[in-house]
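Down below is the structure, laid out as structure tokens.
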Amino acid sequence: MGMIILGIESTCDETACAVVEDGKKVLGHALASQADLHAIYGGVVPELACRRHIDMLIPVIRDALQQAELRLDDVDAIAVANGPGLIGALLIGITGAKGLALALDKPLIGVNHVEAHLYAAVMSYDKPPPFPALGAVLSGGHSSLVKMHSIGSYELIGQTIDDAVGEAFDKVAKILDLPYPGGPNVEKLARESQSDKFKFKPGQVKDHPYHFSFSGLKTQVLYTAKGNGAKKDAPLLIPESDKADLAHAFQDCALNDITRKIQRAAEAYGCQSLILGGGVTQNRRLRELLADINLPCYWPGPGLSTDNAIMIAGLAYHQEVIQGSERFELAAMTRIPFA
Ligand code: KG4
Ligand code: ZN
């Protein structure tokens with residue numbers, strides 16, 4: 001047996017636990033999604049998320065160990081995503097992880113959730129990607145481009161100055177009365193249209209060619225759908241038949257902007273591969289657009305795009321362990337700067 005790490009994820013609205021050997025081999029993974037809980041509110045309600053994490057943390061740990069056919073004693077270290085995320089949600093995972101580390105007298109490893117999204121793609125392939133690589137994290141909370149010198153060595157190139165791309169998908173879904181979670185539903189509707197009836201402009205940030213801004217695009221969609229200056233809960237003014245065209249125009253504008261910036265950043269920073277992570281990498285249109293890029297692309301494997309604990313237990317293998325009383329100093333960080 002190699003090094004067995006039990007990893008915990010509770011940064012937002014999924015409670016998950018994974019048992020992973022040597023940073024790669026998944027022995028067990030349990031995930032309790034809270035999508036149903038937040039659906040009626042159209043977004044994550046932090047207080048409800050925390051309560052559900054408390055209920056589900058021990059069941060997912062038990063389930064992951066059972067799948068791995070291992071006992072807690074067989075685990076070599078406990079890893080936990082200690083940020084970025086919702087403060088209350090983070091504290092529940094971290095407190096659980098500290099409790100396990102104390103009871104079992106095992107080392108603790110704090111993992112950056114955003115870095116783990118990139119590692120999810122790395123661990124999905126037999127061979128490591130050629131470095132330096134361009135990492136693109138495209139999720140509900142982040143839209144960042146980083147130069148990856150190696151696993152664990154990052155340089156921030158660009159990030160969103162307002163909404164994350166997944167957040168923009170979710171907000172557009174709300175405008176169009178599509179169910180939560182919005183991203184997959186906007187993609188599904190967008191597939192029904194090929195029309196260029198609507199055209200939007202992507203957000204550009206002065207003097208920062210690799211930064212993103214999706215808030216203005218969301219407002220263009222809102223005003224087109226509900227009238228100039230309309231509030232987001234105003235009634236739709238466009239006919240039902242135009243909704244797919246609008247979803248299509250939004251999606252193409254956002255994803256073309258991302259693809260262009262990725263291409264330019266990869267060239268400017270001499271990157272030899274592209275590593276993608278985060279929930280938005282499930283989007284098939286994004287995968288089609290990036291198929292034309294002249295670089296090997298590394299995508300997260302099935303189930304590894306959205307939040308999970310496999311990427312946490314996996315990345316932890318490459319990080320330093322925290323021993324002894326220092327374990328209990330590990331803090332929850334709602335924001336962690338890249339690198
Ligand atoms: O990585 P993730 O699970 O959570 C964060 O760490 O934020 O990403 C969730 C985000 C949501 O905003 C969701 O709408 C978006 O990923 N998403 C998609 C698709 N699937 C999930 N966005 C566009 N197209 C999709 N197919
Ligand atoms: Zn995430």
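Note: hydrogens, waters and symmetry copies are ignored here, and every other heavy atom, side chains too, is used. What you see is a predicted model; the values in this text were computed from it and never measured. All ligand and atom numbering here is 1-based and tracks the order in the structure.
Side-chain contact between Gln272 and Pro132 is present, with heavy atoms from C-beta onward closer than 4.5 Å. Proximity of Ile238 to Leu246: side-chain heavy atoms (C-beta onward) are separated by under 4.5 Å at one or more points.
With Lys98 contributing its side chain and Leu330 its backbone, the two residues share a donor-acceptor pair below 3.5 Å. At least one donor-acceptor pair closer than 3.5 Å links the side chain of Asp74 to the backbone N or O of Arg71. Looking only at distances, no side-chain donor or acceptor of Ser143 sits under 3.5 Å from a matching main-chain atom of Ser139. Using a distance-only test at 3.5 Å, with no hydrogens or angles considered, a donor-acceptor pair links the side chain of Glu9 to the main chain of Thr11. A donor-acceptor contact shorter than 3.5 Å is absent between the side chain of His318 and the backbone of Gly152.
Among the atoms of Phe169, none of the N or O lies under 3.5 angstrom from an N or O of ligand 1. Note: an N/O pair closer than 3.5 Å links Gly140 and ligand 1 by distance alone. At a 3.5 angstrom cut-off on N or O pairs, Gly182 does not count as close to ligand 1.
A heavy-atom separation below 4.0 Å is found between Pro184 and ligand 1.
Shown in contact with His113 at under 4.0 Å from a heavy atom are these atoms of ligand 1, numbered in order with element: 6 (O). Numbered from 1 in the order shown, with element, the atoms of ligand 1 that lie under 4.0 Å from a heavy atom of His117 read 1 (O), 6 (O). When each atom of ligand 1 is checked for a heavy atom of Gly278 under 4.0 Å away, the hits are 1 (O). Atoms of ligand 1 lying under 4.0 Å from any heavy atom of Thr306, numbered from 1 in the order shown and given with element: 3 (O).
Ranking the protein heavy atoms by distance from atom 26 (N) of ligand 1 puts Glu187 OE1, 2.7 Å first. Nearest protein heavy-atom contact of atom 3 (O) of ligand 1 is Asp307 N, 3.1 Å. Here the protein heavy atom with the shortest distance to atom 22 (N) of ligand 1 is Gly183 CA, 3.5 Å. At the shortest separation from atom 15 (C) of ligand 1 among protein heavy atoms lies Val280 CG2, 3.9 Å. Of all protein heavy atoms, the one lying nearest to atom 21 (C) of ligand 1 is Gly279 O, 3.3 Å.
More than 12 non-hydrogen atoms from other residues, nucleotides or ligands lie less than 6.0 angstrom from CD of Gln204.
Of the options Thr11, Asn283, Asp170, the smallest heavy-atom separation from atom 13 (C) of ligand 1 is shown by Asp170. Residue Gln282 holds the heavy atom nearest to atom 20 (N) of ligand 1 of all those in Gln282, Glu14, Arg284.
Between the NE2 atom of His117 and the NE2 atom of His113, the angle taken at the Zn ion (ligand 2) works out to 100° after rounding to 10°.
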Would Tyr210 and Arg264 satisfy side-chain contact (heavy atoms from CB on, under 4.5 Å), going step by step from the backbone distance to the final call? CA-CA 8 Å; Tyr210 310 117; Arg264 288 188 195 142; 3.9 Å; yes
List the steps and the verdict of ring-ring contact (aromatic ring centres under 6.0 Å, His included) for Phe250 and Phe169. CA-CA 9 Å; Phe250 158 75; Phe169 268 86; 4.9 Å; yes
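In this pair, His211 and His208 present their aromatic rings parallel. The plane angle is below 30°, not in the 30 to 60° band.
Look at Cys12 and the Zn ion (ligand 2): no N/O/S atom of the residue is under 2.8 Å from the metal.
Distances from the Zn ion (ligand 2) to each N, O or S atom of Asp307 single out OD1 as the nearest.
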